[in-house]
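The structure appears right after this line, and notes come after that.
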Number of protein chains: 2
Amino acid sequence: MQQTLSIGELAHRSGVAPSALRYYERLGLIRAGRTGGNQRRYDRAELRRVSFIRIAQQVGVSLDEIRDALDGLPESRTPTKADWARLSSRWQTKLNDRIAFLERLRDDLTGCIGCGCLSLIACRLSNPDDELSDDGPGPRRFPALS
Amino acid sequence: MQQTLSIGELAHRSGVAPSALRYYERLGLIRAGRTGGNQRRYDRAELRRVSFIRIAQQVGVSLDEIRDALDGLPESRTPTKADWARLSSRWQTKLNDRIAFLERLRDDLTGCIGCGCLSLIACRLSNPDDELSDDGPGPRRFPALS
DNA sequence: ACTTTACTTAAAGCCGACTTCAACTTGCAC
DNA sequence: GTGCAAGTTGAAGTCGGCTTTAAGTAAAGT
């Protein structure tokens with residue numbers, strides 16, 4: 001019964017390249033034991049960490065933030081389901097915000113195309129071609145970027 | 001009546017830094033005339049191009065793809081509302097796909113946290129802590145990244 | 001006229017997230 | 001016990017999207 005995985009095995013199971021796994025280790029996101037010959041051996045629990053990392057990335061979280069989150073896991077014991085659930089819930093808000101932002105963008109875009117007012121592209125920023133604005137300071141910024 | 005904008009004015013109105021505007025020009029996303037002294041002067045219509053670029057970026061489109069899209073605009077005349085609407089509609093599918101992807105992720109995450117099965121983090125990839133899998137090739141990949 | 005602010009360029013730098021390279025060592029199969 | 005795939009390292013490279021720098025020119029206010 002092999003309790004540990006080589007870097008190649010972990011890469012294969014997680015879909016993450018070995019070079020990326022070494023990179024994650026350098027950043028302190030995952031940990032590995034070593035054989036007598038200095039090769040990495042991963043506990044099976046690391047597979048879950050890697051999964052967590054990839055999911056968080058899809059949510060739009062940076063590796064730095066992911067590291068901070070993972071630092072919240074207990075070191076002494078293998079993380080439980082509750083531990084993971086607690087961490088995951090932290091991204092939900094972020095995910096919801098991101099979805100809301102994109103939905104708003106979509107709706108604006110739909111409205112824009114449908115009504116011909118070009119709300120996003122034109123109205124928010126400048127006047128239509130045939131109505132030059134005076135020199136007063138027009139609107140300057142777009143809504144928050146994500 | 002000033003029909004053109006200096007780079008600083010365009011930057012101010014669009015919320016995009018002058019350096020970024022010069023960069024966009026190098027990539028062929030926007031165009032500028034020149035004064036006798038070689039300074040850029042932008043037609044007001046360029047403001048709309050810049051808006052389009054920023055919106056497309058928020059949708060997740062790369063500058064290269066944006067350039068390709070903008071190449072679809074008529075060169076001879078100032079683009080009309082219909083021209084812009086046609087381009088914008090091209091991103092809608094992309095935007096919808098992205099939203100759908102994130103919603104799926106959110107729902108999986110919600111289910112995961114609610115039911116304790118850790119569907120995303122654990123089940124999709126490996127067995128729970130107390131059930132070691134055999135050596136057979138487990139699942140390897142995550143769902144498509146956006 | 002003069003001063004200040006805005007603009008010009010090419011080239012280099014930066015950031016995040018990796019990948020690639022080169023030179024070398026381990027570990028497993030036969 | 002040998003051959004070869006798989007692993008090791010630090011350093012450098014890549015890519016997208018800009019920003020910064022340096023050295024100089026133009027335009028605008030007074």
Side-chain angles (χ1 to χ4, degrees), chain A residues 2-42 46 49-70 135 137 142 145-146, chain B residues 2-42 46 49-70 94 135 137 141-142 145-146:
Chain A
Q2 61 148 79
Q3 290 280 9
T4 61
L5 302 167
S6 71
I7 195 168
E9 286 164 341
L10 180 57
H12 195 226
R13 301 289 289 252
S14 67
V16 173
S19 59
L21 294 174
R22 292 193 195 97
Y23 179 65
Y24 292 165
E25 185 175 337
R26 277 218 328 271
L27 296 191
L29 279 85
I30 57 177
R31 278 160 286 146
R34 297 292 177 132
T35 63
N38 199 36
Q39 297 199 355
R40 289 173 181 80
R41 286 298 178 269
Y42 297 92
E46 291 303 290
R49 267 180 176 258
V50 177
S51 312
F52 181 80
I53 292 165
R54 300 305 263 195
I55 289 167
Q57 282 190 308
Q58 291 175 17
V59 175
V61 183
S62 71
L63 292 183
D64 268 13
E65 290 175 289
I66 296 172
R67 182 178 25 66
D68 292 346
L70 286 171
D135 286 336
F142 292 99
L145 298 164
S146 102
Chain B
Q2 60 149 78
Q3 289 281 8
T4 59
L5 302 167
S6 70
I7 195 168
E9 287 164 340
L10 181 57
H12 196 226
R13 302 289 289 253
S14 67
V16 173
S19 58
L21 293 175
R22 293 193 195 97
Y23 179 65
Y24 291 165
E25 184 176 338
R26 276 218 329 271
L27 296 191
L29 279 85
I30 58 178
R31 277 160 286 146
R34 297 292 177 133
T35 64
N38 198 37
Q39 296 199 356
R40 288 173 181 81
R41 285 300 178 270
Y42 298 93
E46 291 303 289
R49 268 179 176 259
V50 177
S51 312
F52 181 80
I53 292 165
R54 300 305 265 195
I55 289 167
Q57 282 190 307
Q58 291 175 19
V59 175
V61 182
S62 73
L63 293 183
D64 268 13
E65 290 174 289
I66 296 172
R67 182 177 26 65
D68 291 347
L70 287 171
K94 199 151 195 141
D135 286 337
R141 291 216 143 270
F142 292 99
L145 297 166
S146 102

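Throughout, protein chains are lettered first and strands after them, A, B, ... in sequence-line order, and every chain is numbered starting at 1. Reckoned from all heavy atoms, side chains included, excluding hydrogens, waters and symmetry mates.
- A:Glu9 and A:Leu5 get closest at one heavy-atom pair: OE1-CA, 3.3 Å.
- With a cutoff of under 4.0 Å to any heavy atom of chain B, the contacted region of DNA chain D is bounded 5' to 3' by D:dG17 to D:dA27.
- At least one side-chain heavy atom of A:Leu70 sits under 4.5 Å from a side-chain heavy atom of A:Ile53.
- Residues A:Ala17 and A:Ala11 approach most closely at C-CB, 4.3 Å, considering heavy atoms.
- Using a 4.0 Å cut-off between charged side-chain N and carboxylate O, A:Arg49 and A:Glu46 make a salt bridge.
- Looking only at side-chain heavy atoms (C-beta outward), A:Val16 and A:Tyr24 come within less than 4.5 Å of each other.
- Here the shortest heavy-atom pairing between B:Lys94 and B:Val59 reads CB-CG1, 4.4 Å.
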>> A:Tyr42 vs A:Val50, test: side chain to side chain contact (heavy atoms under 4.5 Å, CB included). Steps then yes/no.
In response: CA-CA 11 Å; A:Tyr42 297 92; A:Val50 177; over 6 Å; no
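- Annotation: side chain of B:Arg22 is not in contact with side chain of B:Glu25 (no heavy-atom distance under 4.5 Å).
- Overall, the helix from C:dA1-D:dT30 to C:dC30-D:dG1 carries an axis bend of 10° between its ends, with five pairs at each end and the value rounded to 10°.
- Scanning both residues, B:Ile66 and B:Gln57, for their nearest heavy atoms gives CD1-CG, 3.9 Å.
- Residue-to-nucleotide proximity on DNA chain C shows that, of B:Arg40 and A:Leu27, the 5′-proximal contact is made by B:Arg40.
- In summary, contact between chain B and DNA chain C, defined as any nucleotide atom under 4.0 Å from a heavy atom of the protein, begins and ends at C:dC7 to C:dT9 in the 5' to 3' direction.
- Ranked by how close their nearest DNA chain D nucleotide is to the 5' end, B:Arg41 and B:Asp64 are led by B:Asp64.
- Within the 4.5 Å cutoff, the side chain of A:Ser6 has no heavy atoms near those of the A:Arg40 side chain.
- Within 4.0 Å (heavy atoms only), B:Arg26 reaches no atom of the nucleic acid at all.
- In terms of position along DNA chain C, the nucleotide closest to A:Ile53 lies nearer the 5' end than the nucleotide closest to the other residue of the pair A:Ile53 and A:Asn38.
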